[in-house]
Amino acid sequence: MSEIFTGSFTQQEPIPEEAISAAMEVLRHGRLHRYNVAGDEAGETALLEREFADQMGAKYCLAVASGGYALATALRAVGVKHGDRVLTNAFTLAPVPGSIAAVGATPVYVDVTEDLTIDLEDLTAKADQADVLMLSHMRGHLCDMDRLMEICNDAGITVIEDCAHTMGAAWNGTLSGRHGTVGCYSCQTYKHVNSGEGGLLITDDEEVAARAIILSGSYMLYGRHLAAPGPEVFERVKYETPNISGRMDNLRAAILRPQLRDLEVQVARWNERYREVETGVRGTPGLTVVERPVAETYVGSSIQFLLLDWAADRVQEVLRRCAARGVELKWFGEPQPVAFTSRYDSWRYAETPSLPKSDRILAGIVDMRVPLTFSLEDCAQIARIIRAEVGAVFQGA
Ligand SMILES: *Cc1c(COP(=O)(O)O)cnc(C)c1O
């Protein structure tokens, strides 16, 4: 009888007790709106912003309603207008092109490499097509950020980083989100901190920060922010910037503050699990491990491997056989999007270019979540199952 994994791929850890206590305090006093503060109280949201800015080494931070909202706000704050074109990854998640569509702009997709990062040659070739790059560190893979910034600086391209999968990651020691003009994070349940929904935006640019704060719906109460530029900067932008409400509330902020203090510990726990799976599947015939560059400090909250140039029905057979043994894999080659696996040709509100190079890679990407509720033994067992089933299908058993 072959072994079957019985854990859940969607079960996250409980909210830490310290966060629950902080949330209860907010519920007891009832001041959930971020600008509803008593006396000289700062408010959980303003404190969260100050702490996250410090943690990331950024001057300014804004907490918002979701990661997707942070992305659209960043685009508006750097000046993207209706009808503009915005460079972005062909391999990313739906909220990324969605944020570009939200501001009435059009995505220009850049190819993905076998390392699952943005293709810097294709980026160079398309650099004259837009003034802004919405760079998605999809599934936590960082490209050569030094080279990318060189290309973008040379071409005068403003970089916004989508760090939904790279909160806590770094390239050559510089934290993800600190290379571009703006870094955006998601605090949604399946990311690295969990407030159900939520987003964070960081920048060192005072006008971008002021515009983002006004955009989020600050009702001219920006003076209550602790990670914001001075009032003179707001004076320059406040009449030109619309209110597009998307604030964070004190309840979510209260839940997030203790989790952010634990981020490093959690990253280490994710990476132990990631390496257990990676080691277990390495060397499986027909399966390509995505090698992590030495310069990359990653967060292994999910793992990808490639079944490169496999026929679709054989990949489907692997997924079916793994699922039958309790291992939930997602495939980016699926003709119809399933859960989060939508691809650039699923976003039909925008023009779909022909990207044969990306198509080949997308057709080979298999993806698995690595929740912290898995033990190391769970991870080893999952790897054994993947290894056996990929091997069996590869050998035509
Ligand atoms: C989750 C996610 C987002 C957006 O986050 P939400 O908080 O769900 O809006 C953006 N980019 C990527 C790659 C994501 O996975």
Side-chain angles (χ1 to χ4, degrees), residues 9-10 12 45 48 52 61-76 86-103 105 107 109-110 112 116-118 132-143 159-169 176-177 180 182-202 212 215-216 244-249 252-253 255-256 259-260 270 290 298-304 330 332 337-344 346-347 350 358 362 365 367-371:
F9 282 81
T10 51
Q12 307 300 323
T45 310
L48 166 70
F52 191 64
C61 175
L62 173 69
V64 293
S66 74
Y69 182 88
L71 297 177
T73 302
L75 287 167
R76 287 191 179 98
V86 176
L87 291 155
T88 194
N89 307 59
F91 173 48
T92 185
L93 233 60
V96 177
S99 71
I100 297 171
V103 305
Y109 299 112
V110 182
V112 60
L116 305 190
T117 55
I118 193 164
V132 174
L133 166 65
M134 169 63 79
L135 173 65
S136 183
H137 304 300
M138 178 60 172
R139 288 335 237 161
H141 296 274
L142 292 171
C143 71
V159 178
I160 298 169
E161 294 182 69
D162 164 26
C163 306
H165 304 157
T166 54
M167 180 190 274
S176 182
V182 190
C184 300
Y185 305 80
S186 170
C187 310
Q188 191 235 76
T189 299
Y190 299 106
K191 311 298 164 85
H192 298 173
V193 286
N194 176 11
S195 58
E197 303 287 354
L200 290 159
L201 178 160
I202 55 169
L215 282 162
S216 75
I244 304 175
S245 285
R247 293 170 301 274
M248 173 161 293
D249 57 83
R252 284 176 200 177
I255 293 172
L256 288 170
Q259 292 183 58
L260 283 165
W270 260 306
V290 181
Y298 59 90
V299 184
S301 54
S302 71
I303 188 164
Q304 294 70 44
K330 295 283 192 289
F332 280 87
V338 178
F340 58 82
T341 64
S342 71
R343 13 177 312 149
Y344 73 93
S346 324
W347 309 318
S358 293
L362 286 163
I365 302 175
D367 185 288
M368 190 185 93
R369 279 203 182 105
V370 185

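Order of appearance sets the numbers: ligands from 1, and atoms from 1 within every ligand.
Checked against a 3.5 angstrom limit, the closest N/O atoms of Ser136 and ligand 1 fall outside it. Looking at Gly68 next to ligand 1, an N or O pair under 3.5 Å apart turns up. Of the N or O atoms in His165, one or more lie within a sub-3.5 Å distance of an N or O in ligand 1. When only interatomic distances are considered, the shortest N/O to N/O separation between Gly67 and ligand 1 falls below 3.5 Å. Residue Thr92 has no nitrogen or oxygen atom sitting less than 3.5 Å from a nitrogen or oxygen atom of ligand 1, judged on distance alone.
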Check against side-chain hydrogen bond (donor to acceptor under 3.5 Å, both in side chains), Ser302 and Gln304:
CA-CA 7 Å; Ser302 71; Gln304 294 70 44; 2.9 Å; yes

Mind running side-chain hydrogen bond (donor to acceptor under 3.5 Å, both in side chains) on His165 and Ser301 for me, showing each step along the way?
CA-CA 8 Å; His165 304 157; Ser301 54; over 6 Å; no

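In this structure, the ring of Phe91 has its center no less than 6.0 angstrom from the ring center of Tyr109.
With sequence neighbours left out, the salt bridge (charged side-chain N to carboxylate O under 4.0 Å, His left out) criterion links Lys191 to no other residue. Residues satisfying the ring-ring contact (aromatic ring centres under 6.0 Å, His included) test with Tyr69, not counting sequence neighbours, are none.
Counting heavy atoms only, Ser186 comes closest to atom 7 (O) of ligand 1 of the residues Gly198, Gly196, Ser186. Considering only non-hydrogen atoms, atom 11 (N) of ligand 1 lies nearest to Asp162 out of Leu71, Asn89, Leu93, Asp162.
Near Ala164, meaning under 4.0 Å from any of its heavy atoms, are these atoms of ligand 1: 2 (C), 3 (C), 10 (C), 11 (N), 12 (C), 14 (C), 15 (O). Heavy-atom contacts of Val96 reach the following atoms of ligand 1: 11 (N) (cutoff under 4.0 Å).
At a 4.0 Å cut-off, at least one heavy atom of Lys191 sits close enough to ligand 1 to count as contact.
Judged purely by distance below 3.5 Å, without hydrogens or angles, the side chains of Asn89 and Ser136 never pair a donor atom with an acceptor atom.
The protein heavy-atom contact nearest to atom 8 (O) of ligand 1 is Gln188 NE2, 2.8 Å.
Between the side chain of Glu161 and the main chain of Gly177, a donor-acceptor pair closer than 3.5 Å is present.
By the 6.0 Å and 45° rule, Arg369 stacks over the aromatic ring of Tyr190.
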